Each structure stands twice: as C-alpha cells, then as structure tokens.
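Quick caveat, the model's predicted, so the values are computed rather than measured.
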Amino acid sequence: MRPPPVATSERMTYAVLNATRNTSLGDGIVLAGSSRERRAGLLKHDFLEEGSGLWIAPCEGVHTMFMKFPIDVLYLDRAQRVRKIRRNLRPWRLSACLVARSVLELPAGTADRSSTTVGDQLTLEPRKVN
C-alpha cells in the first residue's frame with residue numbers, strides 16, 4: 001500500500017504500531033515520500049529520539065554513509081508486514097531487501113524493545129502536525 005500524498009505546506013507524521021504484538025514502534029515517524037526527502041534521509045541528524053523515525057516509501061534499500069549513529073531498519077512489503085530487520089545498522093553500511101516496498105528507519109534497539117520480528121503486521125496511522 002502506497003502512503004497517502006502529502007501537501008508540501010503540511011507535515012505528516014505517523015504512529016506505528018506492531019499489530020501482531022500490540023506494541024508501539026513510535027508516534028513521531030516522518031514520511032520521506034519525495035525523491036529529495038528520500039535522498040536526504042537522516043543524514044543531517046545527529047541522533048534519533050525514542051518514538052521518532054523515518055518512513056521511506058518507496059524503498060527497497062538504504063545506506064548509512066555519512067550518518068553519525070546506528071539505526072534499526074525494518075523492511076515492509078505492500079501490506080506493511082515486516083519482511084526483514086537489520087538491527088543496529090552502523091554508519092558506513094549498505095542494506096537491501098528486494099521484496100520490500102518501504103523502509104522504517106528507527107532508533108537502534110527499537111525492534112528489540114517492541115519485540116518486532118519478521119512476519120509481524122504493522123499499522124501506520126497518519127497524524128497531521130502543524
């Protein structure tokens with residue numbers, strides 16, 4: 001499922017729930033839906049706060065070149081099921097999952113704290129931020 005279009009004048013964040021385990025992965029997940037947003041990713045960030053992250057769509061691979069901190073990477077299929085997890089992906093690494101349609105980049109340790117595993121069903125609920 002493709003994320004809804006977002007007007008450039010408004011910022012959309014998402015609350016991400018692991019519906020399989022009834023745990024939260026974050027409530028401040030920002031959509032990177034444009035080519036420019038996907039290219040920039042998290043490169044300008046020094047860290048990610050708990051509950052925050054980046055949803056990159058469409059996407060089937062990421063790199064952490066020039067990043068300053070490790071992240072958890074969750075690869076999602078069209079139905080937003082977890083197809084692959086890269087825990088604690090450090091800077092200067094590459095990762096891909098060819099069956100993925102989008103990627104969640106989260107603070108390192110989020111997958112373990114939420115007990116998220118491959119096959120879990122996630123839900124992403126939009127929240128408009130002014």
Looking at every heavy atom in both [X] and [Y], which two are closest together, and how far apart are they?
| X | Y | value |
| --- | --- | --- |
| Ser52 | Pro107 | O-CD, 3.1 Å |
| Ser24 | Ser114 | O-CB, 3.8 Å |
| Arg87 | Asp112 | NE-OD1, 2.7 Å |
| Ala32 | Leu54 | CB-CD1, 3.7 Å |
| Arg83 | Cys97 | CB-SG, 4.2 Å |
| Gln80 | Thr123 | OE1-CA, 4.3 Å |

Test applied, side-chain contact (heavy atoms from CB on, under 4.5 Å); reference residue, Leu74; option that passes from Leu122, Val16, Val103, Val118: Leu122
Quick one: [atom1] on [X] to [atom2] on [Y], what's the gap to the nearest 0.5 Å?
| X | Y | atom1 | atom2 | value |
| --- | --- | --- | --- | --- |
| Leu98 | Lys84 | CG | NZ | 8.5 Å |
| Ile56 | Leu76 | CD1 | CG | 11.0 Å |
| Leu94 | Arg86 | CG | CZ | 9.0 Å |
| Leu106 | Leu89 | CG | CG | 12.0 Å |
| Asn22 | Ser115 | CG | OG | 11.0 Å |
| Leu25 | Tyr14 | CG | OH | 16.0 Å |

Same cluster or not: [X] versus [Y], using hydrophobic residues (I, L, V, M, F, W, Y) connected whenever any side-chain heavy atoms lie under 4.5 Å apart?
| X | Y | answer |
| --- | --- | --- |
| Val99 | Trp55 | no |
| Leu48 | Met65 | yes |
| Phe66 | Val62 | yes |

Worked verdict on Glu125 versus Leu17 for side chain to side chain contact (heavy atoms under 4.5 Å, CB included): CA-CA 8 Å; Glu125 177 184 319; Leu17 175 71; over 6 Å; no
Flag side-chain contact, heavy atom, 4.5 Å: Asp72 against Ile85: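 When only atoms from C-beta onward are counted, Ile85 and Asp72 do not touch, as no gap falls below 4.5 Å.
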Of all pairs that satisfy salt bridge (Lys or Arg N to Asp or Glu O under 4.0 Å), the ones with a partner from residues 43-65, not counting sequence neighbours: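 Non-adjacent pairs meeting salt bridge (Lys or Arg N to Asp or Glu O under 4.0 Å): Asp46-Lys68, Glu50-Arg113, Glu60-Arg101.
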Any donor-acceptor N or O pair under 3.5 Å, side chains Thr20, Arg81: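 Short answer, no.
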Pair Arg127 + Asp27: basic N to acidic O under 4.0 Å: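 So Arg127 does not pair with Asp27 through a salt bridge.
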Full working for side chain to side chain contact (heavy atoms under 4.5 Å, CB included) between Val73 and Thr64: CA-CA 11 Å; Val73 180; Thr64 58; 5.8 Å; no
